[in-house]
Amino acid sequence: MPIDQAYRRLLEAYGPQHWWPAQTPMEMIVGAVLVQHTAWRNVERAITQLQAAGLLEPGPLARAPQEELAQLIRVAGPHRVKARRLQCVAQFIVDRYGGSLDAMFADDPQTLRASLLGVHGIGPETADCIMNYGAGAPRFVVDAYARRVAGRHGWLDAKAPYAAVQQWFESRLPADAPLLGELHALIVKVGVEHCRPTPRCAGCPLECMLPGAGSHDDEPQSH
DNA sequence: GTCCCGTTGC
DNA sequence: GCAACCGGAC
């Protein structure tokens, strides 16, 4: 069972990440949409803009002029696409739960996840971010980094369907929302720092877990 | 030029 | 299955 060992190594190396980095649940949801295929650095700037404009609430966000909203989040990549997505999510919260996130998170988890997947702009990864970090459901968030790390370590096929990758992780770990949330955060960190498109294995906390680790003679030695 | 904590539409 | 969305950082 390499994954629980990997979790311990990452936690030891990096410490708790305390995700999701947000002041409120709505900010968390907005961040989860904005971060799609975008560097987090730019998402932070966009959220600051939305905060200043008073648009980190479902009602105001849903009612804002789309062009205006798009300009505010311009820094976060495909802004017109994401403006539309944010408003769909905000409208969903208003329509289905009267704008109350407490009401939304009190809904049955399986029902809520299915409903979220029906909202334009929310795919499986974004839905699971909201389910774990928002609703406190024991869901592992499968992102490109998780696929990359797992694929390179030979744990599974990186191109497997979302549900299959998620099942691989969840079946090997406790059904514990904080733990699964922490693992996702740690995997993002190791992904940003080491498991990049071109791997930077030197100094990686998971270096010694690579297939064939210790059998190579071309690795820089640290002692 | 490549890549970024994806999702949608063709 | 794959391009479009898009600006910023390296």
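Worth knowing before you read on, the calculation uses all heavy atoms, side chains too, and leaves out hydrogens, waters and symmetry mates.
One can place CD of A:Gln71 at 11 Å from P of C:dC6, the figure rounded to the nearest angstrom. One interatomic measurement links the two molecules: CD of A:Glu44 to P of C:dA9, which rounds to 12 Å at whole-angstrom precision. Atom pair A:Arg200:CZ and B:dC4:P shows a separation of 11 Å (rounding to whole Å applied). Atoms CG (A:Leu117) and C1' (B:dG6) sit 13 Å apart, rounded to a whole Å. Rounded to whole Å, the distance from CG on A:Asn42 to C1' on B:dC3 is 12 Å. For A:Leu34 and B:dT7, the CG to P distance is 13 Å, given to the nearest whole Å. We find that CZ of A:Arg45 is positioned 14 Å from P of C:dG7, with the value rounded to whole Å. The nearest whole Å value for the distance from the CD atom in A:Glu67 to the P atom in C:dC6 is 10 Å.
Ring geometry for A:Phe92 against A:Tyr97 counts as perpendicular: the plane angle is over 60°, on a 0 to 90° scale with 30° as the lower cut. Ring-plane geometry between A:Phe140 and A:Phe169 is classed as parallel, the angle between the planes falling under 30 degrees on a 0 to 90 degree scale with a further cut at 60.
If you check residues 77-95 of chain A against DNA chain C, the residues with a heavy atom closer than 4.0 Å are A:Gly77, A:Pro78, A:His79, A:Arg80, A:Val81, listed by number. Of the residues in residues 126-134 of chain A, those placing a heavy atom less than 4.0 Å from an atom of DNA chain B are A:Thr126, in numerical order. Annotation: proximity of residues 155-167 of chain A to DNA chain B (heavy atom, distance under 4.0 Å) is found for no residue.
Heavy atoms of A:Val43 sit nowhere under 4.0 angstrom from any nucleic acid atom. Residue A:Val142 is classed as having no contact, given no heavy-atom separation below 4.0 Å to the nucleic acid. Within the 4.0 angstrom heavy-atom criterion, base atoms lie near A:His184. Residue-level contact check: A:Val188 touches the bases, meaning some heavy atom is under 4.0 Å from a base atom. Looking at heavy-atom distances under 4.0 Å, A:Arg148 makes contact with sugar-phosphate atoms alone, never a base. Counting any heavy atom pair closer than 4.0 Å across all strands shown, A:Ile122 reaches sugar-phosphate atoms only and no base atom.
Which of B:dT8, C:dG7, B:dC4 sits closest to the side chain of A:His37 comes down to B:dC4. Nearest to the side chain of A:Pro197, among B:dC3, B:dG9, C:dA9, sits B:dC3. The side chain of A:Gln36 sits closest to B:dT7 out of B:dC4, C:dG8, B:dT7. Proximity note for A:Arg74 (side chain, C-beta onward) versus C:dA9, C:dG7, B:dT7: the nearest is C:dG7.
Looking at A:Leu56 and A:Leu61, their side chains never come closer than 4.5 Å, going by heavy atoms from C-beta outward.
In this structure, A:Arg9 CZ and A:Leu186 CG are separated by 14.0 Å, a value rounded to the nearest 0.5 Å. With rounding to the nearest 0.5 angstrom, the CG atom of A:Asp143 is 8.0 Å from the SG atom of A:Cys129. In this structure, the separation between CG on A:Leu117 and CD1 on A:Ile122 is 8.0 Å, given to the nearest 0.5 Å.
The closest side-chain donor-acceptor pair between A:Gln87 and A:Gln66 falls under 3.5 angstrom. Between the side chains of A:Glu170 and A:Gln166, at least one donor N or O sits under 3.5 Å from an acceptor N or O.
Nearer the 5' end of DNA chain C, as judged by each residue's closest nucleotide, is the contact made by A:Thr38, out of A:Arg196 and A:Thr38. Residue whose closest nucleotide on DNA chain C sits further toward the 5' end, between A:Arg41 and A:Ala76: A:Ala76.
Separating the P atom of B:dG9 from that of C:dC6 is a span of 13 Å, rounded to the nearest Å. Taking atom P on both C:dA3 and B:dT2, the two are 13 Å apart, rounded to the nearest angstrom.
For A:Asp128 and A:Arg113, the salt-bridge test passes: some basic side-chain N is under 4.0 Å from an acidic carboxylate O. Salt bridge present: A:Glu193 and A:Lys189 bring a charged side-chain N and a carboxylate O closer than 4.0 Å.
Ring centroid separation for the pair A:Trp40 and A:Trp19 does not come in under the 6.0 Å cut-off.
The backbone N or O of A:Ala76 lies less than 3.5 Å from a partner atom in the side chain of A:Lys82, making a donor-acceptor pair. A:Thr38 contributes a side-chain N or O that, together with a main-chain N or O of A:Gln36, makes up a donor-acceptor pair within less than 3.5 Å.
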